[in-house]
Q: 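What follows is a structure written as structure tokens; I'll ask about it next.
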Amino acid sequence: MTSPSLTDTPPPPAGNDVHSAVSGKAVRPGDRIFLGFSRGSGIALLVIMAAIAAFLTYRSVLAISGDKANFFTTLDWNPTGVEPKFGIAVLAFGTAVSSVIAMAIAVPVAVGIALFISHYAPRRLASPLGYVIDLLAAVPSIIYGLWGALFLVPHLTGLYSWFDDYLGWTGIFAYGDGAARSLFTVGILLAIMILPIVTSVSREVFLQVPKMHEEAALALGATRWEVIRMSVLPFGRSGVISASMLGLGRALGETMAVATVLSPSFLINTSLLDPGGGTFAQNIASKFSEADEFGQDALIASGLVLFVITLLVNGAARLIIARRKEYSGANA
Amino acid sequence: MAKRIDVSGLSAYYGNHKAIDDISMTVEPRSVTAFIGPSGCGKSTFLRTLNRMHEVTPGGHVEGKVMLDDENLYGSGVDPVAVRRTVGMVFQRPNPFPTMSIFDNVAAGLRLNGSYKKSELKDIVEKSLKGANLWNEVKDRLNKPGSGLSGGQQQRLCIARAIAVEPQVLLMDEPCSALDPISTLAIEDLIGELKERFTIVIVTHNMQQAARVSDRTAFFNLAAVGQPGKLIEIDETERIFSNPSVQATEDYISGRFG
Ligand SMILES: Nc1ncnc2c1ncn2[C@@H]1O[C@H](COP(=O)(O)OP(=O)(O)OP(=O)(O)O)[C@@H](O)[C@H]1O
Ligand SMILES: [Mg+2]
């Protein structure tokens, strides 16, 4: 950590250094300033993060210890009164379900679009298409929320009734005739929202596949699709995983769009198409302004759980990537 | 197994830039033909027109005819994918599929071509690796990634991959330029064995190598930078290196050029 000093004398203050150029212990003032600055901001960042973590943990502990019901399994959110009872089961379920639906729809579609742009579309079409997709990533989420509530919700009822007719017996796809303000709708909306970022990162990765890997497949007589299967997808695999994680991070934490579309309730619905349910972020957004101090603590505790989930998901993704490192294109 | 290549009036372009001009030559089956010439004269470009890899480059197109026995590779209705299955290629930089095991690398072309039983696949992979003089070095780690081999081993893996599909012709673009002298010798020996079964075309900057491995040698040159490359002459290797009929060839071989 300290600057190298080969002699016994203490290093002179910056600027006063009169040693010859070859003595090897001159520290230029610019280096000093930059070192001090970067070290300082690094430490400041750590301190701020530690402060946030301590604050969140402290208030969460207050909340969980004041909870008269099980914080993890209770299907209720009632932190006021003398017998506060609240739990995150509904929120965890809703967040998981809507994110899984979003990923299941968005990732394959995004990979398809990215491959189309990088390997199929003529160049004249590819760059404007890529540009439009990058633009979509910049649309604020409340806009998606409004579009979801005003367009998507009324237009999905037909599809959901069709699901109900053919798949209603599964229970998961049963549908009454309420508004389609359900977790499934949220999943679809989240899929649309994360599509641009997943597409755009995947496309970058696919464009970086070294020519020689693609030519290796071509020279064996691979068709375009076979080149993609043999060279492009394996090379892009970890990049697509990272892109998906970016998307998942956005889906897990999305607040305004979910709050605008979902009609929340503290029930775990077997049907994903019927309205109801909730997510961590949506629940915090809709309850925070009216909560008393203990109510805020309860919401903060739920936020901490979301944070931990996000960390775990990211860790898992890193593990997947690292496990296949030996086979990645990096060491070719 | 091996076929004759008959090129006539072949020019290749990158967009508007003409890289090689009006090349005609015959490559005999079961022989090694070496391409030599200064950098930028279009050896790689010409080689890549022989398995329709040239048109993979954006803007790349070709005029003229390449006959493989009696079939024009550039005839209408000829599928370039099918051409590349008959005319194999080894590149300057070893390029095994980094995500595949050694076994899967060799089997990759076979799996493209059709379905094989597991035992058949194993036999062909073993035969190809033996053909590429690599079997003894990798037989205990066939399931390890191909990218974990040394450069010379990787190049021989690429050769095994190319010969596994039993092509009619094998094109090699400076296959030894990234290798040490020992690996180079191993690959030169290998080329000597492979020519019993395949028609081989090799691009090289190494005169001794051309003299050692090839039966016939073609010399390419270009009039000036930016001009298209041309075939100056093609003849028996011995003649090219002892008594070429064109002065430019002699200058190039003896190091008097520019
Ligand atoms: N992808 C490309 N796009 C445009 N021009 C190219 C491309 N590849 C090669 N060329 C041009 O075509 C000409 C022939 O290049 P080529 O690579 O065939 O030469 P070469 O004889 O193989 O050279 P070297 O011995 O250095 O490998 C050169 O003028 C080069 O600039
Ligand atoms: Mg070349």
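Numbered from 1 within each chain, the chains take letters A, B, ... in sequence-line order.
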Q: Evaluate B:Lys3 against B:Glu71 for salt bridge (Lys or Arg N to Asp or Glu O under 4.0 Å), listing each step before the verdict.
A: CA-CA 11 Å; B:Lys3 286 190 176 172; B:Glu71 191 182 12; 5.5 Å; no
Q: Is chain B contacted by the side chain of A:Arg224, its backbone, both, or neither, given a heavy-atom distance below 4.5 Å?
A: neither
Q: Please look at B:Pro80 and chain A and tell me whether the side chain, the backbone, both or neither of the residue comes under 4.5 angstrom of a heavy atom of that chain.
A: neither
Q: Using 30° and 60° as the class boundaries, would you call the ring planes of A:Tyr166 and A:Trp162 parallel, tilted or perpendicular?
A: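 If you compare the ring of A:Tyr166 with that of A:Trp162, the planes turn out tilted.
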Q: Considering only heavy atoms, which portion of B:Val87 lies under 4.5 Å from any heavy atom of chain A: side chain, backbone, both, or neither?
A: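 The answer is the backbone of B:Val87.
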Q: Under the criterion side chain to side chain contact (heavy atoms under 4.5 Å, CB included), which of B:Thr199, B:Val32, B:Ile202, B:Leu194 is the partner of B:Leu170?
A: B:Leu194
Q: Does B:Asn95 offer a backbone N or O that forms a donor-acceptor pair with the side chain of B:Gln154 under 3.5 Å?
A: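 No: the side chain of B:Gln154 does not pair with the backbone of B:Asn95.
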Q: Can you tell me which residue among B:Tyr74, B:Tyr14, B:Tyr13, B:Phe46 is in a ring-ring contact (aromatic ring centres under 6.0 Å, His included) with B:His54?
A: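 Going through B:Tyr74, B:Tyr14, B:Tyr13, B:Phe46 one by one, the ring-ring contact (aromatic ring centres under 6.0 Å, His included) with B:His54 is satisfied by B:Tyr14 alone.
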Q: Under 4.5 Å from any heavy atom of chain A, what part of B:Val81 do you find: side chain, backbone, both or neither?
A: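 It is both, since atoms from each part get that close.
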Q: Measure distances from A:Glu214 to the heavy atoms of chain B and classify the residue's part below 4.5 Å as side chain, backbone, both or neither.
A: neither
Q: Please classify the contact of B:Arg161 with chain A as side chain, backbone, both or neither, using a heavy-atom distance under 4.5 Å.
A: both
